[in-house]
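None of these values were measured; they are calculated from a predicted model. Scope of the values below: all heavy atoms of this structure, side chains included, with no hydrogens, waters or symmetry mates.
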Amino acid sequence: MLKKIFLAVLIVGIADAAMAQTSYSLVGIVADVKGETLPFTNCVLLHETDSSFAYGTTGDMDGHLSVSNIVGGAYLLRITYMGYVSHWQRLEINKNIDLGTVTLEKNATLLKEVHVTARRPLYSADGEKVFYNVGDDPSVQSGNATDALQNAPGVEVDAEGNIKYRGGAEVSIWINDKPSHLKAESLKQYLKSLPAGTLQRIEVIAHPSAKYHTQNCVVNIVTTAKVKRNELLCLGLNVNSKPQLGPWVDYVWSNEKVRFNIFVSGDYDSYSGDASNDSRLLARDSTLSSTIGIKGHSKNRTLGGNFGLDFDYNFDTSTLLNLWLWTTAAHDSSNLATRTERTEFLNNAGRYFYNDDVRNGNTMADASFGVMLEKKFDTLGGMLFVDYTGTLTRKYSIARNIRTFDSLTALNFDRRKTTLNPSQWHGVTADIAIPYNKHGELDLGLMASLSPESKDVDETVGGVSDFLRSYAYINGTYELSLYAGAEHHFGRLTLGASLSVDNAWYSLLYSGADSGDVSKHYLTFSPTIHASYSTESMHNFTFSYTHYVAPPTATQLTSFTVFGYDGYSIGNPSLKNGYTDNLELGWQRYFDHLGSIGVSAWYKSMRDQTGTLTDVAYCDQFGRVVAFSQPFNIGTSRNGGLGLNATLRPANFMNIRFYANLFDDYYRVQYRPGKWMESEMLCYSLRLNFWAKLWDKFQVFVNATYRSRT
């Protein structure tokens, strides 16, 4: 028996020893040709078979490198340092390895016996873009794309992976100069799986020109040579206490020619709550018309899911084909029980109580898809971009409202309403960039789209059709935009401008209605101007101006009245275009490894923006004063001020951001036709943001914000 025990212990010990020998360590020192050590160098081990990322580290202040827990095998070693030629070495790791001293030579070119050393700053500005040259930042090379985004100018990534600009502005993510069609968790996981060592730079465009077709800040992630092969499977579950459950699966596979991404997710959401509301309705002469008090309880439930597919195929180094599909299906139901106390003081004066039992069921199915072709012209140095995107949506809802009065039982009703709302959107974008010489580039493009939609609302009371509240329409919107832009480099000065000419045609037809049809054409112009100047000592000066025009929609222009149970809504045929002007001046001083400090001045003016006016009026259909809503050109607002921003990077994978803004906030709004109100206030805001990545798996986020009254 003792022999058996001894033999078992011996076998276990041998196995443990064998397992312990399957992982090894790598150490070394990095120095220049003079023997001086280089601090914070970047060391990466790539699998020899497919060049995918395996291990990585950053050297210390004295040039020492150390990588531990390396599984035995064949690897490619890459050691990089900004301004020096990269060191490549094949390693067969089957034991602990000491590299000794690895010598890096400066990246220099001999030209007529004059040595010129290429040194590119980590941060720079060029026209409308601000660059973060990730490939020249050794401190993030062993991290991922999300880590690199934390260091991009003005970009912040929160604990859930959501990306914002300057703490709140929406961001459109582009990858290699094309929009990313990855959604939600799929995009977050893709960025986490993308090694920072494969990134060349991150471009931040705060006020994008016409060719980007968005008013959001654009963040373009540009990669270096493609990873030869990569495979990643991620599974996750989002949970909160509503309760809400959101399981998801994300799978990515790629090689030199193909990238394939599939994403599947589900969503279960259930919540309930109590609510109360008290309101007073005043007649036009400010006489009290009625008071309304409502208390209720609601229950809500949602069940749905998403399926996404993204496919890239590289015919060669200059031609890329992208296909993508994103589908969503969801069903939500709600039950709202309310108790209302209403007192009328004018017409039909009196006090009465009633109960409402409202039940809704909504089903939505959506499919978005697209195909994109990108062709680079080596002979011209330009690029052709053609993209088609389509969306098919179908919404169907059933609602039932049972109202019972305590005493006025003759007013009781049982209403049922069904709504069918199918819609489509189809758009084609084409853009060509042509360098007219080595200092300038011309951009030409167009975008055409059509979006047919129909809506059919059928309401019955006690099984009898309610013609007042039943309606149907067909709505078609057609848009055509042509734009041209140019950018020219005068040494360190870059100037650029673009102009977009936008056409919109509306055709809205109500079936069987006496009024409400809309036939309208809008022609608008949207110019942008930008400039930047960079000094050798990493001072960057920027200027940008953008002008946006927002025409009203057809459903906002209609004179058709939609009646509810206690009020109505109506369009406004006299709506005008809304205009937004953005002007910004900035100075930023970047430091290679310490961070940055900057000052900006901005002015934003908005006029004739379309909002919703809620008012009261006597309505024959109800026989009393009721509330109504209507789109309206609300008025004018402006916001201008000064901003201070500072970023400190005291260590690798750590930054501290501070923002301070002092601004003047003004508005003048029309709250009733011919009646205006205006206000102006000096405001300020302070924000402190801290991020650190510890032990490769643990991240810390701390945010503090204070805003004055606005």
Side-chain angles (χ1 to χ4, degrees), residues 128 165-166 168-170 172 205-218 445-447 449 451 477-485 496-506 518 520-531 542-558 571-586 600-613 629-641 663-681 683 710:
E128 62 184 340
Y165 179 69
R166 288 181 179 170
E170 294 296 323
S172 297
I205 306 112
H207 303 292
S209 54
K211 70 176 182 178
Y212 293 97
H213 304 291
T214 181
Q215 295 185 29
N216 296 339
C217 170
V218 172
L446 65 86
M447 187 185 77
S449 69
S451 49
T477 300
Y478 310 91
E479 296 179 295
L480 175 64
S481 298
L482 303 173
Y483 65 89
S498 69
L499 176 66
S500 177
V501 181
D502 307 307
N503 291 272
W505 292 268
Y506 298 148
V518 175
K520 198 83 172 180
H521 169 243
Y522 286 94
L523 174 64
T524 58
F525 301 88
S526 299
T528 65
I529 302 172
H530 54 266
T542 57
F543 165 83
S544 68
Y545 168 75
T546 58
H547 176 79
Y548 299 116
V549 183
T553 64
T555 52
Q556 292 173 331
L557 290 168
T558 181
N572 185 353
S574 62
L575 283 175
K576 297 179 290 185
N577 291 337
Y579 299 92
T580 301
D581 292 277
N582 287 300
L583 178 66
E584 184 168 336
L585 294 167
S600 60
W602 75 88
Y603 178 81
K604 182 176 183 178
S605 172
M606 303 175 71
R607 57 189 174 93
D608 291 332
Q609 297 297 305
T610 300
T612 300
L613 173 70
S629 63
Q630 183 180 31
F632 216 78
N633 291 118
I634 294 296
T636 301
S637 68
R638 65 173 182 262
N639 183 291
F663 55 95
D664 179 72
D665 206 14
Y666 168 83
Y667 70 83
R668 182 173 184 264
V669 298
Q670 188 173 193
Y671 64 94
R672 270 183 175 164
K675 295 186 177 181
W676 296 82
M677 176 181 289
E678 63 180 336
S679 176
E680 187 169 11
M681 183 180 295
C683 312
T710 58

**OP:** Would you please name every residue forming a ring pair (Phe, Tyr, Trp, His ring centres under 6.0 Å) with Y522, sequence neighbours left out?
**Re:** Y506

Original post:
Which residue, I529, D581, N582, forms the side-chain contact (heavy atoms from CB on, under 4.5 Å) with H547?
Top reply: D581

**OP:** Enter the distance from S629:OG to L613:CG here, rounded to the nearest 0.5 Å.
**Re:** 8.5 Å

**OP:** Over 60° means perpendicular and under 30° means parallel, so classify the ring planes of H521 and W505, tilted if in between.
**Re:** parallel

**OP:** Could I get the full list of salt bridge (charged side-chain N to carboxylate O under 4.0 Å, His left out) partners for R638, not counting sequence neighbours?
**Re:** E680

Original post:
How would you list, by chain and number, every residue that makes a ring pair (Phe, Tyr, Trp, His ring centres under 6.0 Å) with Y545, sequence neighbours excluded?
Top reply: none

**OP:** Heavy atoms only: give me the nearest V549-T524 pair and the separation to one decimal.
**Re:** CG1-CG2, 3.4 Å

Original post:
For the residue pair D502 and S481, what are the closest heavy atoms and their distance?
Top reply: OD1-OG, 2.7 Å

Original post:
Passes side chain to side chain contact (heavy atoms under 4.5 Å, CB included), Y478 versus N503? Steps please.
Top reply: CA-CA 8 Å; Y478 310 91; N503 291 272; over 6 Å; no

**OP:** Only one of K604, M606, R668, R607 passes side-chain contact (heavy atoms from CB on, under 4.5 Å) with S637; say which it is.
**Re:** M606

Original post:
By salt bridge (charged side-chain N to carboxylate O under 4.0 Å, His left out), which residues pair with D608, not counting sequence neighbours?
Top reply: K576

Subject >> Pairwise distance CH2(W602) to CG(L585) - rounded to 0.5 angstrom >> reply: 12.0 Å

Original post:
Any donor-acceptor pair under 3.5 Å linking the side chain of Q609 with the backbone of N633?
Top reply: no

Original post:
Quick one: does E678's side chain have a donor or acceptor within less than 3.5 Å of a partner on Y667's backbone?
Top reply: no

**OP:** First locate atom CG of D665, then atom CE of M681, and finally report the distance between them rounded to the nearest 0.5 Å.
**Re:** 8.0 Å

Original post:
With sequence neighbours excluded, what pairs up with Q556 under the side chain to side chain contact (heavy atoms under 4.5 Å, CB included) test?
Top reply: P552, T553, L575, T610, P631

Original post:
Between CG of D664 and SG of C683, what distance do you get to the nearest 0.5 Å?
Top reply: 7.5 Å

**OP:** Measure across P551 and N577 and return the closest heavy-atom pair with its distance rounded to 0.1 Å.
**Re:** CA-OD1, 3.3 Å

**OP:** Return the set of residues passing ring pair (Phe, Tyr, Trp, His ring centres under 6.0 Å) with W676 (not counting sequence neighbours), or none when no residue passes.
**Re:** none

Subject >> Gap separating the CG atom of L583 from the OG atom of S544, nearest 0.5 angstrom >> reply: 7.0 Å

